[in-house]
Student: 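The following block contains the structure, expressed as structure tokens.
Any value given below was found using the heavy atoms of this structure, including those in side chains, with hydrogens, waters and symmetry copies removed. Residue numbers start from 1 in every chain, and the chains themselves are labelled A, B, ... in the order their sequence lines are given, proteins ahead of strands.
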Number of protein chains: 2
Amino acid sequence: MSVEDGIDFAIIELFFFAYRDFTSDPDQILADYGFGRAHHRVLHFVNRRPGLTVAELLDVLKITKQSLARVLKQLIDTDHVVQLQGPRDRRQRELYPTAKGRALALALARPQSRRIHAALQDSGTTERTMVERFLEAMVNPELRAQIDVGSAKMSGKNHGEH
Amino acid sequence: MSVEDGIDFAIIELFFFAYRDFTSDPDQILADYGFGRAHHRVLHFVNRRPGLTVAELLDVLKITKQSLARVLKQLIDTDHVVQLQGPRDRRQRELYPTAKGRALALALARPQSRRIHAALQDSGTTERTMVERFLEAMVNPELRAQIDVGSAKMSGKNHGEH
DNA sequence: AGATTATGTCAGTACTATTGACGTAATTTC
DNA sequence: GAAATTACGTCAATAGTACTGACATAATCT
């Protein structure tokens with residue numbers, strides 16, 4: 001039953017292998033840019049939630065300000081992300097992807113998306129929703145608010161080009 | 001449908017959050033021992049495949065010998081893992097968990113297993129097999145050989161206490 | 001005997017992360 | 001309006017995990 005001592009070792013291990021290979025695709029591309037996995041995560045969330053603030057980004061990534069600093073600076077210097085002064089609160093910096101940033105985010109997501117679709121087919125899992133629900137249930141309940149299931153929360157700000 | 005530009009951003013993101021929280025449970029425990037995630041992975045596979053050699057471990061983890069060295073040495077020094085000279089080939093070092101090592105491996109796996117079971121319940125995924133198959137399909141096909149679905153491959157060696 | 005294999009180790013480097021401290025500008029509170 | 005708080009940036013030091021390259025030793029294979 002691949003469950004020994006009442007522990008689900010099989011899925012624990014599969015999750016490790018799956019995530020390892022899931023991240024290997026973008027890692028290859030990132031290397032060409034001199035970027036790492038941290039850049040990917042920042043770019044992903046800036047692309048997904050354009051206009052999010054630095055504080056919000058830190059909260060999503062669960063890293064410290066100092067860890068973000070270098071990575072974000074590099075993405076800004078290389079013209080993948082821009083910062084705009086927050087309209088209501090001028091202390092805030094709203095983060096937006098540039099066209100270049102969106103292109104890279106898409107290029108990184110493409111192989112991952114392909115892998116997911118292939119996996120759903122291979123495993124005969126016709127209902128994408130099932131996998132979605134399982135993964136969501138794996139997230140700490142108090143942190144599920146961070147998740148954007150359905151369409152991105154375009155809250156009415158200007159999310160166009162900058 | 002949470003698919004924009006034909007990219008499955010929803011599952012990409014869920015996978016990130018799910019893995020982040022999935023690893024957070026053992027990370028807390030590991031901190032008490034002065035260990036990191038690398039120690040966990042080594043201990044996990046030594047526990048799952050007792051008697052595996054250093055070369056086999058490197059192949060599973062997909063890291064270099066130098067990266068493994070420090071981590072493995074610490075696990076040996078702290079009496080979580082023991083090395084035995086390979087019976088057929090005396091150059092090889094077979095790795096076995098000690099009772100202490102098995103206890104720690106179990107303590108680390110327990111919260112992860114609990115999370116998985118809770119997720120399966122919450123998401124209404126009655127068939128564990130479906131998730132198992134999906135995760136396995138996410139792994140690079142040429143690397144699926146590494147995976148031990150079903151019971152561990154007790155190949156007939158002595159896997160007892162050492 | 002010589003080549004190859006399995007493992008260990010030394011040295012140097014890179015990336016991602018941490019804590020702690022300090023500075024600046026903007027907003028909120030009293 | 002002065003003081004406290006908030007949002008962000010930055011400097012310095014450290015840790016954990018990974019890498020490449022080089023070299024050593026013992027055991028096995030050719």
Student: Mapping A:Lys62 and A:Asp89 to their closest nucleotides on DNA chain C, which lands nearer the 5' end?
Tutor: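 The residue mapped nearer the 5' terminus is A:Lys62.
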Student: Whether B:Arg144 and B:Glu136 form a salt bridge (side-chain N of Lys/Arg under 4.0 Å from carboxylate O of Asp/Glu) is what I want to check.
Tutor: no
Student: What is the first contacted nucleotide of DNA chain D and what is the last, in 5' to 3' order, if contact means an atom lying under 4.0 angstrom from a heavy atom of chain A?
Tutor: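 Nucleotide range with atoms under 4.0 Å of chain A: D:dT6 to D:dC11.
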Student: Taking the six-membered ring for Trp, are B:Phe9 and B:Phe16 closer than 6.0 Å centroid to centroid?
Tutor: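 No, too far apart.
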Student: C:dT18 C1' sits how many Å from B:Arg37 CZ, rounded?
Tutor: 14 Å
Student: Which whole-number value in Å describes the distance from B:Lys65 NZ to C:dC10 P?
Tutor: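 Checked: the NZ to P distance equals 13 Å.
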Student: Under 4.0 Å between a side-chain N or O of A:Thr64 and OP1 or OP2 of C:dT18?
Tutor: yes
Student: Taking the nucleotide of DNA chain C with the nearest heavy atom to each, does B:Gln83 or A:Ala38 sit closer to the 5' end?
Tutor: B:Gln83
Student: From CZ of B:Arg93 over to P of C:dT5, roughly how many Å is that when rounded to an integer?
Tutor: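 So the two atoms are 18 Å apart, to the nearest Å.
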Student: Under 30°, 30 to 60°, or over 60°: which ring-plane class applies to A:Tyr33 and A:His80, parallel, tilted or perpendicular?
Tutor: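 Answer is perpendicular, since the angle exceeds 60°.
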Student: Compare the minimum distances between each of C:dA26, C:dT7, C:dC10 and the side chain of A:Arg90, then state the nucleotide with the smallest one.
Tutor: C:dA26
Student: Using 4.0 Å as the upper bound for N to carboxylate O, is an ion pair formed by B:Glu127 and B:Arg133?
Tutor: no
Student: Should the side chain of A:Gln66 and the base of C:dG20 be counted as holding a donor-acceptor pair, with the cut-off at 3.5 Å?
Tutor: yes
Student: What's the closest nucleotide to the A:Arg70 side chain, out of C:dT16, C:dT7, C:dT9?
Tutor: C:dT16
Student: Output the rounded distance in Å from NZ (A:Lys73) to C1' (C:dA17).
Tutor: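 The distance from NZ of A:Lys73 to C1' of C:dA17 comes to 19 Å, rounded to the nearest Å.
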Student: Apply salt bridge (Lys or Arg N to Asp or Glu O under 4.0 Å) to B:Glu13 and A:Arg49, showing your working.
Tutor: CA-CA 12 Å; B:Glu13 210 169 292; A:Arg49 295 146 162 83; 2.7 Å; yes
Student: Considering only NZ, NE, NH1 and NH2 on the basic side and carboxylate oxygens on the acidic side, decide whether A:Arg114 and B:Asp8 come within less than 4.0 Å.
Tutor: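 Salt bridge: no.
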Student: How are the rings of B:His39 and B:Phe35 set to each other: parallel, tilted or perpendicular (split at 30° and 60°)?
Tutor: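 Rings of B:His39 and B:Phe35: parallel, as their planes differ by under 30°.
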Student: Indicate, yes or no, whether a donor-acceptor pair under 3.5 Å links the base of C:dT5 to the side chain of B:Arg91.
Tutor: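 Indeed, a donor on one side and an acceptor on the other fall under 3.5 Å apart.
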Student: Using heavy atoms to find the nearest nucleotide of DNA chain D for B:Gln85 and B:Arg41 separately, return the residue whose nucleotide is more 5′.
Tutor: B:Arg41
